[in-house]
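Just follow the structure's listing: the first ligand is 1, and inside any ligand the first atom is 1.
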Amino acid sequence: MSLASGAALKGLGVGLNSAVGEVWKVKPHATLPARSKSAHGAEAEAEGLKTAIAAVAADLDRLGEKAGGTSAEIFEALKFLLEDDELFEVASAHLADGWSAAAAYGMAVDEFGELLGGDPTFAERVADLQDLSKRVQASIAGIELSLNLPETGTLVLVGEDFSPADTAQFTPAVVGVITTKGGPTSHTSIICRSRGIPAVVSCGDATELETGDSVLVDPVGDRVVVGGDASLATQSIQFVAVNAEPVIPVRSNIGTKADAEAAAKTGADGVGLFRTELLYLSEKTEPSVEQQTAAYSEILAAAPAGPIVVRTIDAGSDKPVPFLDMGHEENPSLGVRGYRLIVEHRSFIEDQLKSLEAARKATGREVWVMAPMIATVQEAADFCNLARSIGEFKVGIMVETPSIAVLAADLKGVVDFVSIGTNDLSQYLFAADRMNPALGTLLTPWQPGLIRTLARIADAGKAAGISVGVCGESASDPTFAVVLAGLGISSVSASPSQVDVVKTALSSVDLAKAKEIANAALAATSPEDAKAAALAGLSA
Ligand code: PEP
Ligand code: MG
């Protein structure tokens, strides 16, 4: 049944501009053939399987090259899963039992999945593996998995959520995106924000849309309007810089050398978050101090002028690092992750700090170091003592747990700075798994529970003489960045693609105006009202 013209579907908007286009529903891929026994013998099937794995690996390389930056690292990590030797051995045992290559690989992946089952973080990895298994089986059966999008037209893609492999195939015809699941930090949101494609995510009712329907994607209004034209779009704020400098510094988030180079082309004032673990998502062996020093030196040298805030390894949960054996955990996002690795992997964190000190000396850059996932003042003190004993850094911690957010005032004299990771802080504050696409509405930064927590941390930091930055995805939203400045946050760090727009937004207001807007958002009792209050304040 088609939706009536004028129907408005609620969701979470990504971006400042609207788009009108025709719905292009991304069809579920063709079904794979049923598992069968081989007619060609184990040896021929093993060859076929190797060929299919190599073909999928080449596809991933191609997609990674097209996507570049941090997305390229994601494809590297997928390739690492795809080419896992143990997986191939399990599949070979099924080949020896007479199964076809596609069946044997599918069965091997299922068995791996069962071993890892029941664990929400591994569920992500299992989903990746299942996706790869589907690709390998499709390659064997000659089934096309690509989206096959036209190069021209004005399409609004509608799907459940889009994987890195999907978004890498978006063509210039894609003017808007709607997902039924996925939150503000989902891959789809990050990619759409960075490419300036208007999107509405977490829009459950979009399942009712049909290919060919004309829709208005209205991210500022957090909605999709069936049959709507541009005149119905909620007025977006056209930020115009009126001051030479933003009210607070805007830094860039980076993970790789390519990111550092991209950031250097923006107006970023240094780096606010260098996610070091992104260098190691597919490393099977621990890199030596020399190797790390070389990698960090290259990245420090390429980074934009200004301080560079480096985070020590944040392995675990959604970021598995193969050479750090973390064992099996029932609930890894509440497990041994981030700084908690200090117990079992102290030498790696020490080596990171030694390498960073060597890279700092080699490049002459100003380096700040911080530890992720700190929950107690004692952990903060231990990390700061360790870092100060190794190098000439400014030292700090990330605020990502409700516990350390409440204790921020007690960090006086312990840390030089803190940086709030709103992605994890939201996850733990709202007890809402950041990887669960069904929980997007709890994870929007406009939630009053988050805004008021940020205000308290900023106040505590000010009283304690500690600078308080924000480096989570929320700082990449220009309107929210103005609220952050008004709350008393001392710097923000955004993804390279968002640095300049966030900088313009923060150059369009003075501090008094930002405070007025933040106070209006602080008074709101729902995310919708908080966002509306900020937008009204900006256009007043
Ligand atoms: C965060 O949690 O907000 C953050 C910046 O860290 P990451 O997204 O890498 O966990
Ligand atoms: Mg985090």
Side-chain angles (χ1 to χ4, degrees), residues 69-71 73-74 77 120-121 124 183-187 189-191 193-194 250-256 259 263 271-281 308-321 332-341 352 368-375 379-380 383 396-405 417-436 439-440 442-445 447 450-451 453-454 457 468-477 480-481 484 489 491-496 498-499 502:
T70 300
S71 305
E73 298 291 320
I74 297 171
T121 301
E124 271 286 308
T185 56
S186 67
H187 179 75
S189 299
I190 292 168
I191 293 297
R193 196 174 287 122
S194 78
V250 180
R251 311 199 200 286
S252 180
N253 290 352
I254 63 166
T256 60
D259 288 343
V271 167
L273 169 64
F274 169 13
R275 292 181 162 101
T276 54
E277 65 281 351
L278 292 185
L279 296 174
Y280 305 122
L281 290 180
I308 301 171
V309 185
V310 186
R311 176 172 77 185
T312 54
I313 197 143
D314 188 19
S317 191
D318 56 322
K319 309 180 193 92
V321 170
S333 61
L334 302 180
V336 180
R337 56 166 299 197
Y339 181 66
R340 299 170 186 182
L341 287 167
Q352 266 204 307
W368 304 14
V369 294
M370 64 180 179
M373 289 304 299
I374 293 287
E379 284 174 348
F383 173 73
I397 60 159
M398 288 195 72
V399 174
E400 296 175 291
T401 63
S403 164
I404 207 70
F417 71 97
V418 300
S419 180
I420 307 174
T422 46
N423 307 336
D424 274 314
L425 185 57
S426 290
Q427 151 162 275
Y428 297 120
L429 206 51
F430 292 89
D433 182 351
R434 66 190 264 189
M435 309 300 281
N436 187 333
L439 300 175
L442 286 173
L443 298 167
T444 159
Q447 279 288 355
L450 178 70
I451 297 177
T453 304
L454 295 174
I457 303 168
V468 179
V470 171
C471 63
E473 201 56 28
S474 66
S476 289
D477 175 333
F480 199 75
L484 291 173
I489 296 297
S491 67
V492 288
S493 189
S495 50
Q498 292 304 106
V499 165
V502 169

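When each of Val418, Val399, Ile420 is paired with Ile404, the side-chain contact (heavy atoms from CB on, under 4.5 Å) condition holds for Val399 and for no other.
In Asn253, neither the side chain nor the backbone holds a heavy atom less than 4.0 Å from any atom of ligand 1. Heavy atoms of Glu473 found under 4.0 angstrom from ligand 1: none, in either backbone or side chain. Only the backbone of Thr422 comes within 4.0 Å of ligand 1, judged by heavy-atom distances.
A donor atom on one side chain and an acceptor atom on the other are found under 3.5 Å apart for Ser493 and Asn253. Counted by atom type alone, Gln352 and Thr276 present one or more donor-acceptor pairs between their side chains at under 3.5 Å.
Minimum heavy-atom separation, Val310 to Phe274: CG1-CD2, 3.8 Å. The nearest pair of heavy atoms linking Val321 to Tyr280 is CG1-O, 3.7 Å. Across all their heavy atoms, Gly272 and Cys471 have their closest contact at O-CB, 4.2 Å.
Remark: ligand 1 atoms within the under-4.0 Å shell around heavy atoms of Met398 are 4 (C), 5 (C). Against a heavy-atom cut-off of under 4.0 Å, Cys471 is close to the following atoms of ligand 1: 5 (C). Set against the non-hydrogen atoms of Gly472, the atoms of ligand 1 under 4.0 Å away are 3 (O), 5 (C). With ligand atoms numbered from 1 in the order given, ligand 1 contributes 4 (C), 5 (C), 6 (O), 7 (P), 8 (O), 9 (O) to contacts under 4.0 Å with heavy atoms of Arg275. Here is the list of ligand 1 atoms found below 4.0 Å of a heavy atom in Leu273: 5 (C).
The aromatic rings of Phe417 and Trp368 sit tilted, their planes meeting at an angle between 30° and 60°.
Once rounded to the nearest 0.5 Å, the distance linking CD1 of Ile397 with OH of Tyr339 reads 11.0 Å. In this structure, CG on Leu429 lies 11.0 Å from OG1 on Thr422, to the nearest 0.5 angstrom.
Counting only non-hydrogen atoms, the option in Val470, Asp424, Asp314 that gets closest to atom 2 (O) of ligand 1 is Asp424. Among Arg434, Arg311, Met373, Gln427, the residue whose heavy atom lies nearest to atom 6 (O) of ligand 1 is Arg311.
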inquiry  = Under the criterion side chain to side chain contact (heavy atoms under 4.5 Å, CB included), I'd like the reasoning laid out for Gln427 against Ser333: C-alpha separation, chi angles, the key distance, then a yes or no.
reply    = CA-CA 9 Å; Gln427 151 162 275; Ser333 61; 4.1 Å; yes

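Under a 4.0 Å N-O distance rule, the pair Arg275/Asp314 does not qualify as a salt bridge.
Here's the thing with Glu277: none of its N/O atoms is less than 3.5 angstrom from an N/O atom of ligand 1.
Excluding water, every protein N/O/S atom under 2.8 Å from the Mg ion (ligand 2) is given here by residue and atom: Glu400 OE2, Asp424 OD2.
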